[in-house]
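Written out below as structure tokens is the structure these notes cover.
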2 protein chains.
Amino acid sequence: MSNERGPDHSRRKERSRQAILAATRALVAEEEYEKVTVEAIAARAGVGKQTIYRRWPSKSAVVFAALLALSEDADGRSVALPDTGDLEADLKLVMRATVEEFADPAFDRLIRALNTEIANDAALAAEYREKLAQPLEEAKKARLRSAQEAGQLDADADLDLVLEVLYAPLFQRWLHRSGPLTAAYADSLVDATLRAFGP
Amino acid sequence: MSNERGPDHSRRKERSRQAILAATRALVAEEEYEKVTVEAIAARAGVGKQTIYRRWPSKSAVVFAALLALSEDADGRSVALPDTGDLEADLKLVMRATVEEFADPAFDRLIRALNTEIANDAALAAEYREKLAQPLEEAKKARLRSAQEAGQLDADADLDLVLEVLYAPLFQRWLHRSGPLTAAYADSLVDATLRAFGP
DNA sequence: GAAAGGAAACGAGACGATCCGTATTGATGG
DNA sequence: CCATCAATACGGATCGTCTCGTTTCCTTTC
């Protein structure tokens, strides 16, 4: 009666796994990131340190897994951007929502922690791209392809480039705290992108 | 015979200061950033740890000062972008040069370390903006203003936004290692920016 | 079926290693 | 002579490993 190959040793695994990830998310969201220690995670999760290290090889991996699980929960199924047929309106809606996300201090700390771990760990960065960034980008590109077919976007445009021009300025302004993140700013990024890649 | 205000106690100060900054730059350029410790810096510089802490309040500050000094040396005077009258050609020259800079592993590690320190320290980020980013941006904006006067750029364009659309995609692609940094990519960013903000 | 047995996983935390930032000490040089 | 220095000991914190009884659940046995 073996499900896959190791069903017997998944005894109390899932409960503690979830507790560890939840505790990590909570700590990252509410504390300075330097305060987020493995011991604090273990204590908050009511778990021994070894239970953490039995599953993940390092603190970085735990933090990453915690944020990864967050996105998997939130999505449920695959993400999809609104498609009302009006590209400009749809993009402004999404960009304004993104701006508001970054305004949330908890979300801010979460993503900042993620970027810290990623910036100096190429392997983690690759996993981030594969499991978090790529799916989101595919959803965005699907919306852009729809716009290309509707003649609202240059049919020859490189969609990776379009997405970078649209999102990278927002991301950089947030990361470097180099300017205010407002709805007007979100709109102006959409406007600039559509001027650059419009039909 | 006091030069400025503290000349008498600047006996061996400058020599060790330079040695500390040089050692820091060398270590950051050649090692994994986790290996860059204050003790390693002190040993490489032939200096006691206390001599480091006498000058800077933290390791972050030392790393930042080391990179700051680097840019001050390189510049000599204030930076200025080429201005041949051809905005597209000038920008492509600068963007291609930037792409090449990021291709250097030592430069890569340097900037990655800087971003790591900045990402979770708002005070350091502010100093980074004031002393490193702002002067560079001013030089770039000066070139863009010249283009506006020459009618090569929309006179109403927000130059901060123009710079973000131009540079942020390159920065993000480098930071997240999400794609190749080539001369063709540099060119396409200039093309997109000029389509968005051209006359 | 239910009790007994055993092994894997567990919580707790001691431990060694490393690093930060401070304090001390004896040497150096102006 | 005395401020500065290199060297280094030190306390505090953290990481990741290791150990130790305990808990939980699967298997075996009756």
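Here the structure is a predicted model, which means the values were calculated and not measured. Numbered from 1 within each chain, the chains take letters A, B, ... in sequence-line order.
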Side chains of [X] and [Y], donor plus acceptor under 3.5 Å:
{"X": "S16(B)", "Y": "R55(B)", "answer": "yes"}
{"X": "S146(A)", "Y": "D83(A)", "answer": "yes"}
{"X": "Y185(B)", "Y": "E164(A)", "answer": "yes"}
{"X": "Q18(A)", "Y": "E14(A)", "answer": "yes"}

Nearest-angstrom distance from the residue atom [atom1] of [X] to [atom2] of [N]:
{"X": "E34(A)", "N": "dG21(C)", "atom1": "CD", "atom2": "C1'", "answer": "15 Å"}
{"X": "E31(A)", "N": "dA13(D)", "atom1": "CD", "atom2": "P", "answer": "15 Å"}
{"X": "K59(A)", "N": "dC19(C)", "atom1": "NZ", "atom2": "C1'", "answer": "14 Å"}
{"X": "R15(A)", "N": "dA9(C)", "atom1": "CZ", "atom2": "P", "answer": "17 Å"}
{"X": "I20(A)", "N": "dA9(C)", "atom1": "CD1", "atom2": "P", "answer": "14 Å"}
{"X": "E32(B)", "N": "dT18(C)", "atom1": "CD", "atom2": "C1'", "answer": "17 Å"}
{"X": "I52(A)", "N": "dT17(D)", "atom1": "CD1", "atom2": "P", "answer": "12 Å"}
{"X": "Q50(A)", "N": "dA14(C)", "atom1": "CD", "atom2": "C1'", "answer": "13 Å"}

Side chain of [X]: nearest nucleotide among [options]?
{"X": "T37(B)", "options": "dC20(C), dT17(D), dT14(D)", "result": "dC20(C)"}
{"X": "V38(A)", "options": "dC5(D), dG21(C), dG16(D)", "result": "dG16(D)"}
{"X": "Y53(B)", "options": "dC20(C), dA14(C), dC5(D)", "result": "dC20(C)"}

Would one find a side-chain N or O of [X] under 4.0 angstrom from OP1 or OP2 of [N]?
{"X": "T51(A)", "N": "dG11(C)", "answer": "yes"}
{"X": "R55(A)", "N": "dC10(C)", "answer": "yes"}
{"X": "R54(B)", "N": "dT4(D)", "answer": "no"}

5'-most contact on DNA chain C (nearest-nucleotide basis), G46(A) vs E39(A), goes to G46(A)
Closest non-hydrogen atoms of T98(B) and L170(B), given as atom of the first, atom of the second and distance, are CG2-CD2, 3.6 Å
Mapping K35(A) and K49(B) onto DNA chain D by nearest heavy atom, which one lands closer to the 5' end?
-> K49(B)
For V36(A) and A43(B), take the nucleotide of DNA chain D holding the closest heavy atom to each; which residue's nucleotide lies nearer the 5' end?
-> A43(B)
